[in-house]
Amino acid sequence: MDALELEIYKRYRNVIDPDWQSGSGFLGTEWNEPRRVRLGDLLDLYDAFCFDGYGTLYNRGSFVYEGALEWFSMLRVAGKQVRLVTNAASNVESVLAAEADARGFDFTAGETVSSGSLAASFFEQRSRTGNAIRELYYIGRPSGVAVLESFGVSAVENPECPVVAVSSATADESMFVHAVEILRRPGSILLVLNSDAWAPNIDGSRSPVSGALAECLRRESGCDDVHYFGKPFPAIFNKVKFSLPAGSRILMVGDTLGTDVMGARYAGIDSALVVGRNEPAAELKADERALGIVPDYYLEV
């Protein structure tokens, strides 16, 4: 992992579990090598299969990873519960499901759980406690403005209260500077709607994304009131569990140690990591030890 990426995911673990470094620090069994499996090997072990989207099933545009459609078809034929569990925050779940369907994955809106949807509960709770957020400075894709408006929140250039929300890494230098100026005001709040720090590209390279931008904003501004949405934080996994029949045996399939695997571990859910996309194979063991995290399985295509 990039050094900043590793620091971000360590910070996420500190937010979830402030005392993790005072114990053994390891989530999972440190000395047992995860099994290398194919998805068909796990059909009888789990009732529900949760998938990350970008980097696991598909990437930008119409790009679909080798074997992903076969995974999905196999689970549908077997009658398994499926969920798309995504940190995408710039569209509502019905749109995210439709985008996945256009790639060949017929998730319904009810089978889609996104980090953006969790913001609705956050804004509602703020309103109930008399601390409503009506305006904020928004960094993200244009479609995210409509999502915020559906929560009763307007994206403006100069919000009355100093609130900045980040859902993608679309800030140019002037936007970054302006966001920092806002976050340096007393009582500032930083909302990280998409906590992904790095993401894989179609060509196999990797790039910093919204979580990395948000961390740079936090460091530059000194803002200490930061709220994270999506994986690896508990709320999204609680929503997944609530959407499934009680007692379901759940597997989370993803490409990122610091979001998919870490979040699943803290949620008490088994995990399978697709290595070599957002987790470089050559860096896997060092990253596992640095983060204190191992999946239950390495999933082969």
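The shown structure was predicted, so the numbers you read here are calculated from the model rather than taken from an experiment.
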Q: Taking the side chain as everything from C-beta on, heavy atoms only, tell me whether Ile250 gets closer than 4.5 Å to Phe237.
A: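 When only atoms from C-beta onward are counted, Phe237 and Ile250 do not touch, as no gap falls below 4.5 Å.
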
Q: Please give me the minimum heavy-atom distance between Leu193 and Ala165, naming the atom from each residue.
A: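 The answer is CD1-CB, 4.1 Å.
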
Q: When you check the side-chain N and O atoms of Tyr65 and Arg277, is any donor under 3.5 Å from an acceptor?
A: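 No pair is found: no donor N or O on one side chain lies under 3.5 Å from an acceptor on the other.
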
Q: If hydrophobic clusters are built by linking Ile, Leu, Val, Met, Phe, Trp and Tyr wherever their side-chain heavy atoms come under 4.5 Å apart, do Val275 and Val37 end up in the same one?
A: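 No.
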
Q: With distance as the sole test, does Ser73 use its side chain to make a donor-acceptor pair with the main-chain N or O of Glu70 at under 3.5 Å?
A: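 Such a contact is absent between Ser73 side chain and Glu70 backbone.
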
Q: Is the backbone of Gly53 close enough, under 3.5 Å, to the side chain of Thr56 for a donor and an acceptor to pair up by distance?
A: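 No, because the side chain of Thr56 does not come within donor-acceptor range (under 3.5 Å) of the backbone of Gly53.
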
Q: For the backbone of Ala169 and the side chain of Ser210, can you confirm whether one donor and one acceptor N or O come within less than 3.5 Å of each other?
A: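 Not confirmed, Ser210 side chain does not pair with Ala169 backbone.
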
Q: Between Arg11 and Glu7, does any NZ, NE, NH1 or NH2 come within less than 4.0 Å of an OD or OE carboxylate oxygen?
A: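 No.
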
Q: Hey, does the side chain of Ser188 reach the backbone of Leu183 with a donor-acceptor pair shorter than 3.5 angstrom?
A: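 Yes.
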
Q: Are the aromatic ring centres of Phe63 and Tyr58 under 6.0 angstrom apart?
A: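 No - the distance between ring centres of Phe63 and Tyr58 does not fall below the 6.0 Å cut-off.
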
Q: What pair of heavy atoms forms the shortest contact from Ala88 to Leu96, and how long is it?
A: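 Closest heavy-atom pair between Ala88 and Leu96: CB-CD2, 3.9 Å.
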
Q: Would you please indicate yes or no on a ring centroid separation below 6.0 angstrom for Phe107 and Phe72?
A: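 Yes; Phe107 has its ring centre under 6.0 Å from that of Phe72.
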
Q: Would you check if there is a donor-acceptor pair between the side chains of Ser115 and Tyr228 at a distance under 3.5 Å?
A: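 Result is no, nothing qualifies.
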
Q: How far apart are the C-alpha atoms of Glu220 and Phe176, what are their side-chain angles, what is the distance that settles it, and do they pass the side-chain contact (heavy atoms from CB on, under 4.5 Å) test?
A: CA-CA 10 Å; Glu220 186 70 20; Phe176 183 90; 4.2 Å; yes

Q: Tell me the closest heavy-atom pair linking Ala109 and Ser94, and the distance in Å.
A: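 Shortest heavy-atom separation between Ala109 and Ser94 comes out as CB-CA, 3.9 Å.
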
Q: Checking Thr108 side chain against Glu111 main chain: does a donor-acceptor pair fall under 3.5 Å?
A: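 Yes, Thr108 side chain to Glu111 backbone: donor-acceptor pair under 3.5 Å.
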
Q: For side-chain contact (heavy atoms from CB on, under 4.5 Å), just list the numbers for Val226 and Val192, CA-CA rounded to whole Å, side-chain angles, deciding distance to a tenth of an Å, and then say yes or no.
A: CA-CA 7 Å; Val226 185; Val192 187; 3.9 Å; yes

Q: Okay, side chain of Ser127, backbone of Phe123: is any donor-acceptor separation there less than 3.5 Å?
A: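 Such a contact is found between Ser127 side chain and Phe123 backbone.
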
Q: Less than 4.0 Å between a side-chain N and a carboxylate O, is that true for Asp296 and Arg265?
A: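 Counted as a salt bridge, because a side-chain N and a carboxylate O are separated by less than 4.0 Å.
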
Q: Taking Arg134 for the side chain and Cys161 for the main chain, is one N or O donor matched with an acceptor at less than 3.5 Å?
A: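 Judged by distance alone, no pair lies under 3.5 Å.
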
Q: Is there side-chain contact between Tyr137 and Glu157, with at least one heavy-atom pair below 4.5 Å?
A: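 Sidechains of Glu157 and Tyr137: in contact.
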
Q: Evaluate the side-chain hydrogen bond (donor to acceptor under 3.5 Å, both in side chains) criterion for residues Thr259 and Tyr9: first the C-alpha distance (whole Å), next the side-chain angles of each, then the deciding distance (0.1 Å), finally the verdict.
A: CA-CA 8 Å; Thr259 56; Tyr9 291 138; 5.0 Å; no

Q: Between Asn278 and Arg206, does the side-chain hydrogen bond (donor to acceptor under 3.5 Å, both in side chains) criterion hold? Intermediate values first, please.
A: CA-CA 7 Å; Asn278 207 24; Arg206 302 171 65 249; 3.2 Å; yes

Q: Could you check whether any side-chain heavy atom of Pro34 comes within less than 4.5 Å of a side-chain heavy atom of Tyr298, counting everything from C-beta outward?
A: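 Sidechains of Tyr298 and Pro34: in contact.
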
Q: Any sub-3.5 Å donor-acceptor pair from Glu283's side-chain atoms to Pro280's backbone N or O?
A: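 Such a contact is absent between Glu283 side chain and Pro280 backbone.
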
Q: Test Lys231 against every option in Asn194, Thr86, Asp52, Asp196 by the side-chain hydrogen bond (donor to acceptor under 3.5 Å, both in side chains) rule and name the one that passes.
A: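 Of Asn194, Thr86, Asp52, Asp196, side-chain hydrogen bond (donor to acceptor under 3.5 Å, both in side chains) with Lys231 is met by Asp52 alone.
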
Q: Treat each ILVMFWY residue as a node, draw an edge where side-chain heavy atoms are under 4.5 Å apart, and state whether Val15 and Phe122 are in one component.
A: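 Val15 and Phe122: separate clusters.
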
Q: If I compare all heavy atoms of Met1 with all of Leu6, which pair ends up nearest, and what's the gap?
A: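 In this case the closest contact between Met1 and Leu6 is SD-CD1, 4.0 Å.
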
Q: Given side chains that start at C-beta, do those of Leu284 and Glu279 come closer than 4.5 Å, heavy atoms only?
A: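 Side-chain contact under 4.5 Å: yes.
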
Q: Please determine whether a side-chain nitrogen of the Lys or Arg among Lys239 and Glu93 lies less than 4.0 Å from a carboxylate oxygen of the Asp or Glu.
A: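 Between Glu93 and Lys239 there is a salt bridge, with a charged N closer than 4.0 Å to a carboxylate O.
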
Q: Please answer whether the main-chain N or O of Val253 pairs with a side-chain N or O of Asp260 as donor and acceptor at a distance below 3.5 Å.
A: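 Checked: no pair found.
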
Q: Taking the side chain as every heavy atom from C-beta outward, state whether Glu5 and Lys10 have any pair of such atoms under 4.5 Å apart.
A: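 Answer no - side chains too far apart.
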
Q: Salt bridge check, Glu181 against Arg184: does any charged N sit closer than 4.0 Å to a carboxylate O?
A: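 A salt bridge is absent here (no side-chain N lies under 4.0 Å from a carboxylate O).
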
Q: Are there over 12 heavy-atom neighbours, none belonging to Asp172, within less than 6.0 Å of that residue's CG?
A: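 More than 12 heavy atoms, drawn from other residues, nucleotides or ligands, come within 6.0 Å of this atom.
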
Q: Is the cationic atom of Arg83 (NZ for Lys, CZ for Arg) positioned less than 6.0 Å from the six-membered ring centroid of Phe49 and within 45 degrees of its normal?
A: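 Arg83 over Phe49 ring: no.
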
Q: Is the shortest distance from a Lys or Arg side-chain nitrogen in Asp41 or Arg35 to a carboxylate oxygen in the other one below 4.0 Å?
A: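 No.
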
Q: Verify, without hydrogens or angle tests, whether Ser221 (side chain) and Leu217 (backbone) share a donor-acceptor contact under 3.5 angstrom.
A: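 Such a contact is found between Ser221 side chain and Leu217 backbone.
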
Q: Do Ile139 and Met175 touch side chain to side chain, with heavy atoms closer than 4.5 Å?
A: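 Counting from C-beta outward, Ile139 and Met175 do come under 4.5 Å.
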
Q: Considering only heavy atoms from C-beta outward, does the side chain of Tyr138 approach that of Leu136 to under 4.5 Å?
A: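 Of all side-chain heavy-atom pairs linking Leu136 with Tyr138, at least one is under 4.5 Å.
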
Q: Just by distance, no angles: are the side chains of Arg141 and Thr170 close enough, under 3.5 Å, to form a donor-acceptor pair?
A: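 No, no side-chain donor-acceptor contact under 3.5 Å.
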
Q: Under a 4.5 Å side-chain heavy-atom rule over Ile, Leu, Val, Met, Phe, Trp and Tyr, are Leu148 and Leu190 clustered together?
A: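 No, because Leu148 and Leu190 fall into different hydrophobic clusters, even though each may have its own neighbours under 4.5 Å.
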
Q: Is the shortest heavy-atom distance from the side chain of Ser195 to the side chain of Pro232 under 4.5 Å?
A: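 In short, these two side chains touch, coming nearer than 4.5 Å.
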
